[in-house]
Amino acid sequence: MNFQEIDVKKKRLDQAHPLPVYSVTSLLNHVLIDRAYNLNAIEGNTLSISEKKSGIRRNDCRWKNDA
């Protein structure tokens with residue numbers, strides 16, 4: 001991907017502002033799950049991305065129920 005393609009995508013994103021709450025939530029979840037997966041992979045963890053998502057979602061649901 002070159003800088004011109006990035007600029008085009010950035011302009012499209014800017015035109016969509018403000019983003020719907022569900023879009024922001026989805027993007028945030030995606031970034032957090034990818035970051036957790038990559039950090040664990042660097043440390044040698046062999047979980048797949050779907051296993052990591054499942055674990056994060058279970059912990060998230062448990063945390064919400066404890067509150």
Side-chain angles (χ1 to χ4, degrees):
M1 183 174 297
N2 61 37
F3 288 114
Q4 290 174 342
E5 292 173 4
I6 293 171
D7 288 340
V8 168
K9 289 182 179 189
K10 174 73 167 100
K11 286 178 185 172
R12 278 188 27 221
L13 180 62
D14 288 343
Q15 291 172 351
H17 285 282
L19 294 173
V21 172
Y22 64 86
S23 295
V24 174
T25 303
S26 177
L27 288 169
L28 180 60
N29 286 336
H30 181 74
V31 168
L32 292 175
I33 289 170
D34 279 356
R35 181 169 183 214
Y37 171 77
N38 289 325
L39 287 172
N40 285 333
I42 290 169
E43 294 173 356
N45 192 323
T46 59
L47 290 175
S48 70
I49 189 97
S50 60
E51 291 168 328
K52 179 52 92 174
K53 283 181 188 178
S54 176
I56 289 172
R57 287 187 180 134
R58 270 196 306 259
N59 286 338
D60 188 38
C61 290
R62 187 176 63 221
W63 177 77
K64 286 179 184 175
N65 290 335
D66 290 344

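Below, each value reflects all heavy atoms present in this structure, side chains not excepted, and no hydrogens, waters or symmetry copies.
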Could you tabulate the donor-acceptor pairs under 3.5 Å formed by side-chain atoms of residues 26-33, not counting sequence neighbours?
| residue | atom | partner | partner atom | Å |
| --- | --- | --- | --- | --- |
| Asn29 | ND2 | Thr25 | O | 3.3 |
| His30 | NE2 | Asp34 | OD2 | 3.1 |

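In terms of the side chain to side chain contact (heavy atoms under 4.5 Å, CB included) criterion, Pro18 has no residue partners (sequence neighbours excluded). By the side chain to side chain contact (heavy atoms under 4.5 Å, CB included) test, Gln4 is found to be paired with Asn2, residues two or more places apart in sequence or in another chain being considered.
Within the structure, salt bridge (Lys or Arg N to Asp or Glu O under 4.0 Å) pairs that include any residue of residues 13-29 comprise Lys10-Asp14 (at least two apart or interchain).
No continuous path of ILVMFWY side-chain contacts below 4.5 Å connects Leu13 to Val8, so the two sit in separate hydrophobic clusters.
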